[in-house]
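All of these numbers come straight from a predicted model, not from anything done at the bench. Each ligand, and each atom within it, is numbered from 1 in the order the structure gives.
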Amino acid sequence: MSRREDLAANLGAVRERIAAAVSAAGREPGSVELVVVTKYFPASDVRILAELGVCRVGENRHQEALEKSRECADLELAWHFIGSIQSNKAAAIAGYASTVESVDRLKLVAPLSRGAQDAGRQVDCLIQVSLDPPQAAGRGGASAAEVAAIAAAIAESDGLRLGGLMAVAPLGEPPAPAFERLAGFAERLRAEHPDATTISAGMSGDLEHAVKYGATHVRIGSSVLGSRPLVQ
Ligand SMILES: *Cc1c(COP(=O)(O)O)cnc(C)c1O
């Protein structure tokens, strides 16, 4: 099979999984958006995906994302930044990302706002919230207690729009109860910020659980592109 046939078949299967999960959850058809995570894969794959109707792609490393977004500048793609953010890269990321999903500390908000304004752009920000038990620190993500302050800072910042929350399922724990907790955090956020309706959760292995608990965006890498090299 050609790469294009491969990607088309994988994409079709993922779209069917999403549609089945949406239907099983009794949710509105089309209520879950697919972000295809293209990290480690070449711009040529991004180009094929765009031809196959993908409109959102996710990347987790700044340099790689910057280069690919430049190579694909002629395509009308929304770039989602989903990786951990060094403070000194935040402004540059806001120069090409339409959504920054991994805002996990207050300190990132000012440089993101400056970068968005310098580029004359409006950037959606999601707060990455940790679903790990407190003792398993270090995987990224704000604690639930930190969300309100980060949300307020984003909401007050020029060039930024508060979109909602993002999370990754905890390691070594079933994803469903974690995504249910995430739904609770999202409800609390919406009480304060009614437009912050995005819940980005669910990856190749757990998208059904995420959709069941209200994910509006799923981030799918390996089920579309195949397995990545093991260097992460
Ligand atoms: C790599 C990555 C994904 C995609 O993971 P798959 O298991 O390959 O679908 C989703 N979200 C984040 C934050 C990632 O880093």
Side-chain angles (χ1 to χ4, degrees), residues 3 6-7 9-18 20-21 32-43 45-46 48-49 52 54-66 68-69 77-86 89-90 93 97-105 108 124-132 136-142 163-176 178-179 182 185-186 198-232:
R3 184 64 173 153
D6 240 356
L7 292 180
N10 292 347
L11 193 60
V14 164
R15 285 179 173 144
E16 278 176 27
R17 274 177 70 189
I18 295 171
V32 175
E33 298 231 30
L34 170 63
V35 179
V36 179
V37 178
T38 49
K39 64 190 186 195
Y40 293 94
F41 288 94
D45 281 352
V46 177
I48 294 170
L49 290 167
L52 295 171
V54 168
C55 33
R56 300 174 183 277
V57 292
E59 288 285 337
N60 72 338
R61 293 184 306 178
H62 166 60
Q63 195 57 39
E64 182 181 344
L66 176 66
K68 264 186 243 176
S69 65
L77 285 169
W79 293 82
H80 286 229
F81 194 84
I82 63 172
S84 66
I85 302 173
Q86 291 172 267
K89 303 281 165 57
I93 291 168
S98 69
T99 303
V100 178
E101 299 205 7
S102 41
V103 183
D104 63 356
R105 56 196 192 279
L108 297 174
D124 272 11
C125 292
L126 308 184
I127 300 168
Q128 182 179 352
V129 55
S130 172
L131 300 176
D132 289 317
R139 290 183 72 225
L165 298 182
M166 181 272 244
V168 177
L171 286 176
E173 251 189 80
F179 290 144
L182 176 64
F185 301 151
T198 298
I199 302 177
S200 172
M203 315 193 343
S204 293
D206 57 21
L207 79 85
E208 286 81 4
H209 298 288
V211 168
K212 177 173 179 194
Y213 290 105
T216 61
H217 291 66
V218 293
R219 309 177 306 271
I220 309 299
S222 48
S223 287
V224 174
L225 288 137
S227 50
R228 290 179 289 275
L230 284 171
V231 287
Q232 283 214 48

Q. So which bit of Glu101 gets within less than 4.0 Å of ligand 1, heavy atoms only: side chain, backbone, both or neither?
A.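 Neither part.
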Q: Just jot down the ligand 1 atoms closer than 4.0 angstrom to any heavy atom of Ile220, in number order.
A: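 Under 4.0 Å from Ile220, ligand 1 has these atoms: 9 (O).
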Q.
According to side-chain hydrogen bond (donor to acceptor under 3.5 Å, both in side chains), who are the partners of His209, at least two apart in sequence or on a separate chain?
A.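 Result, side-chain hydrogen bond (donor to acceptor under 3.5 Å, both in side chains) vs His209: none returned.
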Is there a polar contact, in the sense of an N or O pair closer than 3.5 Å, between [X] and ligand 1?
X      : answer
Met166 : no
Asn60  : no
Arg219 : yes

Q | Heavy-atom donor-acceptor pair, Asn10 side chain to Leu7 backbone, under 3.5 Å | A |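 Absent.
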**Q.** Glu64 (side chain) donor-acceptor with Tyr40 (main chain) under 3.5 angstrom
**A.**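 Yes, the answer is positive, given that a donor and an acceptor are paired below the 3.5 Å cut-off.
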Q: State, to 0.1 Å, how close His80 and Ser98 come at their nearest heavy-atom pair, and which atoms those are.
A: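 Where His80 meets Ser98 most closely, the heavy atoms are CD2-OG, 4.3 Å.
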Q) Which of these, Arg15, Arg219, Arg56, sits in a salt bridge (Lys or Arg N to Asp or Glu O under 4.0 Å) with Glu33? A)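 It is Arg56, the one option of Arg15, Arg219, Arg56 that forms the salt bridge (Lys or Arg N to Asp or Glu O under 4.0 Å) with Glu33.
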